[in-house]
Amino acid sequence: MAISIEPTTTCNLRCPQCPSGLRQFTRDTGNINIDLNKKILDQVGKQLQHINYYFQGEPFIHPDFLTLVKEARARNIYVITSTNAHFITPEIAEKIVTSGLSEIIVSIDGLTQETYEQYRINGKLEKVITGTKNLIAAKNKMKRPNPVVTFQFLVTKHNEHEIDKLYALGESIGVDEVRLKSVQVYDYETGRDLIPENETCSR
Ligand code: SF4
């Protein structure tokens, strides 16, 4: 009923607990071929209800990412992606809306550049906020309810004090949902400084 397809292993950021961010894959890397995507959908699309089009890597780096999405949506499959939102220009935002993408998770892991870049190394918070606003403006302009836009906040020791303000920011921008996520620390020895003090937010 559900599968995950990783569009690309490439990313513009250097998040410290992600194989893509660390450039430390122990498996093949690259972009999925659009013909392979179609072949998968031709084989199992009739049974599918849901596809996660993301794993490790920034989906919008794939030059034909929205072609993948359209192939799935043409089969009436619910499609979710997750992004660092650095590539959502006004033009891309309109293309996202017309692709029929069902839901998009935007990683926003800090409310100041200082806290944001503790985990999203090389990232720019301003781009995340602008990209999200572009998306919501495109939805409003085209009068379309989708994609559902979710702010996802990876709770770390650096940003846990910002959670209350996060909800206010989400409301002011007009996202559909704000969600907290616990950080996955592969290497406890090097990742210890990420683990929040609030144990309810700790994996
Ligand atoms: S933005 Fe996502 S894919 Fe890119 S390095 Fe960070 S966690 Fe990995």
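Counting starts at 1 for both ligands and their atoms, in listed order. Atoms considered below: every heavy atom in the structure, side chains included; atoms not considered: hydrogens, waters and symmetry mates.
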Donor + acceptor pair across side chains of T200, N198 (<3.5 Å)
yes

State which residues pass ring pair (Phe, Tyr, Trp, His ring centres under 6.0 Å) with Y54; sequence neighbours excluded, sorted by chain then number.
none

Polar contact flag, side-chain donor to acceptor under 3.5 angstrom, R120-Q113:
no

Looking only at non-hydrogen atoms, find the nearest pair between P147 and D176 and report the distance.
O-OD2, 4.2 Å

Residues two or more places apart in sequence or in another chain: which of them pass salt bridge (Lys or Arg N to Asp or Glu O under 4.0 Å) with E199?
none

Taking 2.8 Å as the limit, list every protein N, O or S atom around atom 8 (Fe) of ligand 1, by chain and residue number.
C18 SG

Numbered atoms and elements of ligand 1 in range of R120, under 4.0 angstrom, heavy atoms:
1 (S), 2 (Fe), 6 (Fe), 7 (S)

Any residue meeting salt bridge (Lys or Arg N to Asp or Glu O under 4.0 Å) with R75, in chain and number order, not counting sequence neighbours
D42, E71

